[in-house]
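Structure record follows, encoded as structure tokens.
Just so you know, these numbers come straight off a predicted model, no measurement behind them.
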Amino acid sequence: SVNASRYAQSSGARLTPPVWPQDKHISLQEGFHFAACTKRIGKMASLEKKKFFTTDTEAAMSGVECPSPIFQVWKYLGTCEGLCGAALGMAVRGGYDVTVSWLCSTLTFGGQTVIEGMEHRNKWTEEQARNAIGKLGAMDPSDFDCRPAGYESQESETTVHPKPIPEVLDELNKIVQENPNDEILSTVSHEISFVIGILQYTVTRLGSPGVIETSWKDRHLQSCGPDTVGSFLN
């Protein structure tokens, strides 16, 4: 269990995810606990997939998708868009350090990708975007979507575009709500809850007025001072 790991036992580590705006930062312990949670979810999903295809060879040969709720959780979580060029599943395969880096990059630079989404949604020219500080308005969940227009026709069983965090959150909550008595989901209920909390924190934080303004300034090189992170080029 993740709760038995040294990351859960470290002093200062919360077994509940941070909440914006009360928590302005995610601690190192929380970051590694997030990494441990995602890894365990992925491992449980792999075991269930292997078990399904071992007991149903016909399904394996026909390409039927594993119906297990935990596999469905990982299907969305593994393809979660990090706003900086990598899906969460790729980071998890790289280990704890890579997963923590994925989370830190999302929180540090992801806001600029959200700003880009807001600018595209408003159909602003580059010149209009550089002068839009007072016109940005509120964040829309679609601003997290980095998929190209018409992406549906490009996807297949082997090709999937990373899914925006708000969509992943909706699907994870839906799977959990529709399968209250699933034994495997119950086994990793803490891990799923913690991951959902971290992703919700990320969306709320990146969509807050102050972070939107800061991200816009960083993106358009109009920020200065010790908290400047620079413009994210992807």
Any chance you could measure [X], atom [atom1], to [Y], atom [atom2], to the nearest 0.5 Å?
X: T113; Y: M118; atom1: OG1; atom2: CE; value: 13.0 Å
X: K217; Y: T214; atom1: NZ; atom2: OG1; value: 6.5 Å
X: I41; Y: L172; atom1: CD1; atom2: CG; value: 8.0 Å
X: F53; Y: K50; atom1: CZ; atom2: NZ; value: 13.0 Å
X: I165; Y: T106; atom1: CD1; atom2: OG1; value: 5.5 Å
X: Y76; Y: K174; atom1: OH; atom2: NZ; value: 7.5 Å

Does one hydrophobic cluster hold both [X] and [Y], with members joined at side-chain heavy-atom distances below 4.5 Å?
X: V203; Y: L136; answer: yes
X: V176; Y: W74; answer: yes
X: I133; Y: I212; answer: yes
X: V195; Y: F71; answer: no

If you look at every heavy atom in [X] and [Y], which pair is closest and at what distance?
X: S153; Y: G150; answer: OG-O, 2.8 Å
X: W124; Y: A132; answer: CZ3-CB, 3.5 Å
X: G110; Y: C84; answer: N-SG, 4.1 Å
X: P69; Y: L185; answer: CB-CD1, 3.7 Å
X: W20; Y: S208; answer: NE1-CB, 3.4 Å
X: G31; Y: I26; answer: N-CG2, 3.8 Å

Is a donor from one side chain sitting under 3.5 angstrom from an acceptor on the other, for [X] and [Y]?
X: E183; Y: S186; answer: no
X: Q72; Y: S68; answer: no
X: Q177; Y: N173; answer: no

Non-hydrogen side-chain atoms of [X] and [Y] separated by less than 4.5 Å:
X: T16; Y: F194; value: no
X: P18; Y: E30; value: yes
X: F52; Y: E48; value: no
X: T125; Y: Q128; value: yes
X: E81; Y: F144; value: no
X: Q154; Y: P148; value: yes
X: I115; Y: D143; value: no
X: W102; Y: V92; value: no

For the pair K75 and E65, evaluate salt bridge (Lys or Arg N to Asp or Glu O under 4.0 Å) and give the outcome as yes or no after the intermediate values. CA-CA 10 Å; K75 173 184 174 181; E65 185 176 84; 3.4 Å; yes
Sequence neighbours left out, what passes side chain to side chain contact (heavy atoms under 4.5 Å, CB included) with S193? Give chain and number order. none
Go through it in stages, so that I can follow the logic: the residues are I70 and I175, the test is side-chain contact (heavy atoms from CB on, under 4.5 Å), and I'd like the CA-CA distance, side-chain angles, deciding distance and then a yes or no. CA-CA 9 Å; I70 188 63; I175 293 169; over 6 Å; no
Derivation of the side-chain contact (heavy atoms from CB on, under 4.5 Å) call for E116 and L83: CA-CA 11 Å; E116 183 179 1; L83 302 173; over 6 Å; no
Starting from the C-alpha separation in whole Å, work towards a yes-or-no answer on side-chain contact (heavy atoms from CB on, under 4.5 Å) for L47 and I184. CA-CA 11 Å; L47 290 174; I184 302 300; over 6 Å; no
Residues E119, R130: salt bridge by 4.0 Å N-O rule: no
Does R147 pair with E152 as a salt bridge, N-O distance under 4.0 Å? no
Neighbour count above 12 (heavy atom, 6.0 Å) for K24 NZ: yes
Just say parallel, tilted or perpendicular for the rings of H33 and H190, cut-offs at 30° and 60°. tilted
Checking the side chain of [X] only, and the main-chain atoms of [Y] only, is there a donor and an acceptor separated by less than 3.5 Å?
X: S101; Y: D97; value: no
X: D23; Y: H25; value: no
X: T159; Y: E155; value: no
X: T204; Y: Q200; value: yes
X: D145; Y: P141; value: no

Does T99 form a side-chain contact (heavy atoms from CB on, under 4.5 Å) with K39? I'd like the steps, not just the answer. CA-CA 9 Å; T99 306; K39 181 178 180 179; over 6 Å; no
Can you list every ring-ring contact (aromatic ring centres under 6.0 Å, His included) pair that touches residues 196-223, not counting sequence neighbours? W216-H220
Taking side-chain hydrogen bond (donor to acceptor under 3.5 Å, both in side chains) as the definition, give me every residue that meets it alongside T158, ordered by chain and number, with sequence neighbours left out. S156
